[in-house]
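Single-structure report; data block below.
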There are 2 protein chains.
Amino acid sequence: MGKKITIYDLAKILKVSPGTVSRSLNDHPSISQKTKARVVAKANELGYKTNKFAANLSKQKTNTIGVIVPRLNSNFMSTMLAGIEKVVNEAGYNLIISQSLESMEKEKLNAKTLFNNSVDALLVSLAYDTSSYDHFTPFIHHEIPLLFLDRVHNLPNSATLIIDNKLAGYEATEHLIDQGCKNLLYVGGSQRRNVYSDRFKGFKNALANYNLEFDESNILESDLNPTSIGEAINHIKRSTKQIDGIFVANDTFAAHLIKNLIREGHKIPEDIKIIGFNNDPVSELVTPSLSTIDYSGYEMGILAGQSVISHLNGNINFKSANTITLRHQLIIRESTQKQ
Amino acid sequence: MGKKITIYDLAKILKVSPGTVSRSLNDHPSISQKTKARVVAKANELGYKTNKFAANLSKQKTNTIGVIVPRLNSNFMSTMLAGIEKVVNEAGYNLIISQSLESMEKEKLNAKTLFNNSVDALLVSLAYDTSSYDHFTPFIHHEIPLLFLDRVHNLPNSATLIIDNKLAGYEATEHLIDQGCKNLLYVGGSQRRNVYSDRFKGFKNALANYNLEFDESNILESDLNPTSIGEAINHIKRSTKQIDGIFVANDTFAAHLIKNLIREGHKIPEDIKIIGFNNDPVSELVTPSLSTIDYSGYEMGILAGQSVISHLNGNINFKSANTITLRHQLIIRESTQKQ
DNA sequence: ATGAAAGCGCTAACAT
DNA sequence: ATGTTAGCGCTTTCAT
């Protein structure tokens, strides 16, 4: 068990004051290069390791940033996290990542834990069923930067980072229409989440623009869990108008839908064309491969990180509730091929 | 900005000593129920929040556990993390999760960061190309519990949590043989990683047991990255004996392989049968659906958490280098269907 | 059962 | 350029 060595040990050995040691280690300007070098050398030699708790206690700053995401296991989320991690690490921050597992209760718990851990900032992508936002008010009250990513909610003094889901939804739908679809279905998650309600708005706008009628049978709200695929199939079967195009706001669910529709004897894309959302790796793997909307989680992560860091550095702040919008892109594959 | 209230504030208000407040808050036995109740009530009323840094500094314990995984975006990893998180949270610990992105350099950095953050324990699933293990020795020297998960390495005073990859590999291969395959190919990742070398050993044993000859053309070492699928296809094409069964040690790569083999005109499972590993959700989605070996990341996470916690509580320890082995299960789907 | 006080290791304001 | 020292908020030993 290597005994831990402190700045006092260093000070004693080098015959300087603890203050000088501390300043040297932190590259303080008013220390001579010579002593700085001596201190650093000795510190390395002895395997000195700064005690973050003492430092944090003294500085009242933790240098950690909290993140709450619905789940870790999507390509989008994990690349986003990689992006965030890269930026904040380079800026000397650590990340505490937690998953809400799509549950508001868990999200509340996570928020509380992160608050108790005194994170310097919080990044959140909301859970499926989050309907109240009180668990974020402590952060706002304590002026801890709060940034929502992708699945956002407009809270005062917080920032949001999104794509133009409405436009993307419009484009996906327009693509189906271009390919000859007349009776469209939108399958999305909770309308409470902007990502789903906005994509739906885009869907509806596209229908209106192309003079296609819309009624309640053209939308299905689902939890997008693979176990709920039966509901979707039933909805499609029961529909009076023969559905020939489906916009699913989530690639994984879209992939399951394809698989199951084929099993039911439908031809994709001949009978029904399908477009997903996210450009998840699975969209390339299903047969037929899935058309989708692509947007970069990594880029979103990088931007989120940068945004938060510059806020923490006092360069900008979220007072003037700001929103960053990233670009997206339609990717055409087999599942929407015209005959 | 809500001012932070400390035990001193509480002490002054309640006219007791800070020590009493501290003990009350920590449910120390030698404090009367009455004062305990008073203190706790006041603390809640005033929204007291313990300063972890002061506590940690004083206790020399951080109550955080570090985790390094190769990537976050696999179903296996994220469910494993969910399992770990559940257990350690219940025990009052926090998790710092980091991803090595399959790079040893990043893994080293992560280890260093976590060490500097004074995690109380470290859980690791090794990166693809990790070949030296010196970055873990600081943990061992400082007697910080070190537990390897799934992708393990035998280091003194550390524990490992695995499945019987050799047996699982044997069973997967045996299944292919049962289904009539004669010329088998094993596609795995770096032999440096136990998960791949052990599965390969099982493969080889099965061949030997069934008197099927083995030479170097029966094994392909790949980075299992979808972009490397071309190599695999070439290997299969160039093989002198016509390959009729493939055991791929990774579902995602297996799925890509299926897709590409079909594109090349092969019939799956008629011409070539394929079995994967992990029971990733994609194995159900690909056409034909993929036979595979299932094992529970969640369970592995739970066990890892419990193991580390009980170590931390001094109940057991890793001195007697222990290994926990979980069960696994063969899942038969379309990709290995006999004609 | 409670109080007093000495740390834990570092930072930063204030000397010099 | 360097030293001194008072915190940061909590835990815990030693008294009482």
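Remember, predicted model here, so these are calculated numbers, not experimental data. In the text below, chain A, chain B and the rest are named by the order of the sequence lines, each starting its count at 1.
Residue-to-nucleotide contacts include no donor-acceptor pair under 3.5 Å from the side chain of R38(A) to the base of dT2(D).
Taking atom NZ of K52(A) as the reference point, atom P of dG9(D) lies 20 Å away to the nearest angstrom. Regarding K12(B), its NZ atom lies at a distance of 14 Å from the C1' atom of dG9(D), rounded to whole Å. Between I31(A) atom CD1 and dG3(D) atom C1' the separation is 10 Å, expressed in whole Å. Atom CG of N51(A) is separated from atom P of dC8(C) by 11 Å (rounded to the nearest Å). Put simply, NZ on K59(B) is 11 Å from P on dC10(D), counting in whole angstrom units. Atom C1' of nucleotide dG7(C) and atom CG of D9(A) are separated by 15 Å, given to the nearest angstrom. Rounding to whole angstrom units, CG of residue N56(A) and P of dC10(D) are separated by 15 Å. One can place CD1 of I7(A) at 15 Å from P of dT5(D), the figure rounded to the nearest angstrom.
Base engagement by S22(B) is indicated by at least one non-hydrogen atom pair under 4.0 Å involving a base atom. Here V16(A) lies in heavy-atom contact (under 4.0 Å) with sugar-phosphate atoms only.
Residues E90(B) and K86(B) form a side-chain contact, since some pair of their non-hydrogen atoms from C-beta on lies under 4.5 Å apart. Two residues are said to be in side-chain contact when any heavy atoms from C-beta on lie closer than 4.5 Å; L57(A) and N51(B) meet this criterion.
Between dT2(C) and T35(B), a contact under 4.0 Å exists linking OP1 or OP2 to a side-chain N or O. Within the 4.0 Å cut-off from OP1 or OP2 of dG9(D), at least one side-chain nitrogen or oxygen of Q60(A) is found. Dashed line: the shortest gap from a side-chain N or O of S32(B) to OP1 or OP2 of dT2(C) is under 4.0 Å. Within the 4.0 Å cut-off from OP1 or OP2 of dT11(C), not a single side-chain nitrogen or oxygen of Y8(A) is found.
Salt-bridge check for E102(A) with R193(A): failed, with every basic side-chain N at 4.0 Å or more from each acidic carboxylate O. Between K36(B) and D27(B) a salt bridge is recorded (basic side-chain N to carboxylate O distance below 4.0 Å).
Toward the 5′ end of DNA chain C lies the nearest nucleotide of Q33(B), the other residue of the pair A54(B) and Q33(B) mapping further downstream. Ranked by how close their nearest DNA chain D nucleotide is to the 5' end, K15(A) and F53(B) are led by K15(A).
Nearest nucleotide to the S17(A) side chain, out of dC10(D), dG3(D), dT11(C): dG3(D). Nearest to the side chain of S30(B), among dC10(C), dC10(D), dT2(C), sits dT2(C).
The two atoms that bring L146(B) and F136(B) nearest to each other are CD2-CB, 3.8 Å, heavy atoms only.
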